[in-house]
2 protein chains.
Amino acid sequence: MAMDGYRGFLGLLVSALLVGFLSVIFTLIWVLHYREGLGWDGRAPEFNWHPVLAVTGFIFIQGIAIIVYRLPWTWKCSKLLMKSIHAGLHFVAAILAIISLVAVFDFHNTLNIPNMYSLHSWIGLTAVILFVSQLLLGFFVFLLPWAPLSLRAFLMPLHAYSGLVIFGTVIATALMGVTEKLIFALKTPGYDTFPPEGVFANTLGLLILVFGALVFWIVTRPQWKRPKEPASLRLQPNGGTPEGVEGSMAINFGNTDKSDSELNNEAAARKRNVALDESGQKSTMKEESKHLPRAQLGRHQTGRRSHLFCGAADPQSPRGSSSHKSSRGNADYGKLGSENWIKQEGLDSPQNYSEFSRLTSGINLW
Amino acid sequence: MAMDGYRGFLGLLVSALLVGFLSVIFTLIWVLHYREGLGWDGRAPEFNWHPVLAVTGFIFIQGIAIIVYRLPWTWKCSKLLMKSIHAGLHFVAAILAIISLVAVFDFHNTLNIPNMYSLHSWIGLTAVILFVSQLLLGFFVFLLPWAPLSLRAFLMPLHAYSGLVIFGTVIATALMGVTEKLIFALKTPGYDTFPPEGVFANTLGLLILVFGALVFWIVTRPQWKRPKEPASLRLQPNGGTPEGVEGSMAINFGNTDKSDSELNNEAAARKRNVALDESGQKSTMKEESKHLPRAQLGRHQTGRRSHLFCGAADPQSPRGSSSHKSSRGNADYGKLGSENWIKQEGLDSPQNYSEFSRLTSGINLW
């Protein structure tokens with residue numbers, strides 16, 4: 001089951017990368033072989049940068065950014081490092097998306113073609129604006145260490161949800177773009193005569209759709225989520241949830257039987273965390289140190305300085321190693337680490353355990 | 001928090017219904033006011049049934065079918081009834097989608113316009129085929145009582161995932177359809193001159209997208225999920241999970257820290273359920289009866305006959321009442337019911353509780 005799960009993940013990851021890469025290659029072949037190639041002259045070759053950069057950055061790179069936390073060989077890396085990679089990939093995607101917009105606006109203006117009249121342009125521009133807002137929000141709230149946990153807890157479900165909705169919207173926009181371009185460009189012979197370019201670009205559309213479906217499956221499988229750490233390691237802003245999107249996805253879709261009372265308790269837990277947070281990084285870490293098993297204390301006491309590094313595999317640590325076996329093993333190690341911690345904290349009575357769970361669900365929301 | 005949550009649900013539900021209904025109205029105004037109206041003559045008026053039926057059935061009704069389990073005033077209704085409503089709405093959506101296809105093929109054939117050359121048609125037909133397959137699979141595996149629990153457990157994550165991917169694909173297809181139709185139909189003045197019809201149909205596209213986003217938010221909020229029942233009530237196929245899609249959504253995205261070992265235990269739990277299932281309905285119910293608190297035994301012993309009815313609110317029951325207060329209350333009652341059951345079963349030691357949790361997660365997968 002575990003081995004199958006890992007193999008399934010690997011198979012789907014390779015499929016997603018292959019289909020995403022094929023989408024980029026198909027787009028390049030489309031503009032280089034069937035269209036006017038690439039250039040920056042305000043004419044067709046400049047327009048052609050629009051599909052190339054949109055598919056490469058706004059679809060392929062965004063898709064990878066969404067699933068980056070799921071790679072088991074990154075589980076030994078610090079959360080800050082993974083958050084930075086997640087944000088960095090989204091930043092690159094945003095830059096490419098913006099250049100792709102410049103290309104099409106420049107092309108339209110040179111040829112006196114009106115801008116922003118089509119549904120493709122309305123939804124596409126909306127997606128870029130939402131994407132950049134999401135990137136800025138993620139950077140200031142989740143990457144920088146100053147946002148209070150209550151704000152992170154409040155915004156994370158929205159951040160994860162918006163990420164997937166924007167990704168899906170970008171894919172829909174690309175399919176509209178392919179449709180538009182083929183109708184405009186294919187005159188003799190027309191699109192309706194099944195010319196090679198039409199069939200080729202339709203296939204590109206299917207590849208983009210399949211890439212989106214694969215990313216959506218990978219990011220929503222709980223068994224492929226980065227293992228959790230004991231709550232104490234999650235009490236400082238950048239020692240926080242191991243993942244951005246799918247961490248919150250899991251939490252978001254995760255509380256399968258939360259009653260209102262539990263949700264209230266989570267709110268209380270978050271209030272408590274905010275108090276710790278507001279008491280300042282150093283005092284927070286001191287506070288946590290009291291509650292840490294020795295195995296975790298060492299790593300924990302290295303504090304912020306180690307946050308941008310990948311540590312060695314550690315049986316007490318939920319962070320994985322890069323080998324298949326170890327990365328599988330570490331899922332168990334992470335769980336084991338938490339369970340040992342629960343016992344050491346005397347949380348193994350039903351009441352205390354349930355209190356512990358509520359607190360960690362509260363903390364884990366960001 | 002709870003009251004806010006409920007108000008938020010109500011607000012988003014009303015928004016979704018309003019935006020979905022507006023999409024249908026906008027489609028009708030588009031074909032009746034800007035186009036050639038409706039008819040069945042093989043010409044434009046027959047084609048116009050295509051957008052009307054696609055938006056009404058394949059988008060609006062499918063969206064409602066996806067969120068139907070989240071309505072708190074249905075929580076007092078039996079799972080079989082809710083599954084039947086979920087399946088029934090999808091069946092209506094499938095019929096309307098198929099008629100919308102007949103309309104466009106008939107239109108094309110009458111005017112000798114080639115079929116299936118556009119990306120819209122490729123993805124649209126694929127979506128209809130997947131949707132019908134999903135409907136048949138759901139009917140035979142989840143609605144009819146004969147499928148073994150192991151099969152339900154295996155297929156439910158795929159069922160929930162496919163449901164949302166098909167829904168998103170249908171929305172993307174509709175946006176491509178609006179784009180295609182506007183480019184084909186708006187010649188003098190052209191689409192690029194911002195004619196009223198172009199702006200109006202673009203707005204329809206935005207409404208469809210917003211409807212999809214609202215449905216996706218509603219179906220992925222754990223706090224709006226129908227409360228769980230004690231495991232014993234979930235051991236018979238149609239006493240199963242309270243919901244189809246979002247039940248499995250929650251489970252699917254829900255196991256926020258499942259280690260491989262836990263997943264193996266779930267597999268074992270499912271095996272155990274299959275044994276119970278294969279031992280037949282009656283003996284299964286007998287088996288369960290031993291483990292039921294008295295309050296639940298009464299309702300449980302009525303067996304299948306009560307499965308198509310909505311029961312009265314019952315403090316021991318996780319099924320809600322139609323009033324706001326009671327439906328909130330019942331979330332707690334449901335939890336309370338489970339917790340009492342855990343104590344009565346002597347599962348309130350950490351080891352037994354954890355074993356119980358693993359079993360119920362296993363059972364709850366279908």
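Given the structure is predicted, the values throughout are model-derived calculations rather than measurements. Quick note on labels: first sequence line is chain A, next is B, and so on, each numbered from 1.
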Scored by heavy-atom pairs under 4.5 Å with chain B, the best of A/Val165, A/Leu175, A/Leu182, A/Asn115 is A/Leu175
Honestly, the part of A/Thr203 sitting under 4.5 Å from a heavy atom of chain B is both
Taken to the nearest 0.5 Å, the spacing of B/Thr126 OG1 from A/Leu206 CG works out to 6.5 Å
Nearest heavy-atom approach of B/Tyr191 to A/Ser118 is OH-CA, 3.3 Å
Is there side-chain contact between A/Leu209 and B/Trp122, with heavy atoms separated by less than 4.5 Å? no
Between the CG atom in A/Asn202 and the NE2 atom in B/His120, the distance rounded to the nearest 0.5 Å is 12.0 Å
Within the side chain of A/Tyr161, is there an N or O that forms a donor-acceptor pair under 3.5 Å with the backbone of B/Thr220? no
Taken to the nearest 0.5 Å, the spacing of A/Leu119 CG from B/Lys181 NZ works out to 15.5 Å
Answer key: most heavy-atom pairs under 4.5 Å with chain B among A/Ile123, A/Thr173, A/Thr169 is A/Ile123
### Donor-acceptor contact below 3.5 Å, side chain B/Tyr117 vs main chain A/Pro195
no
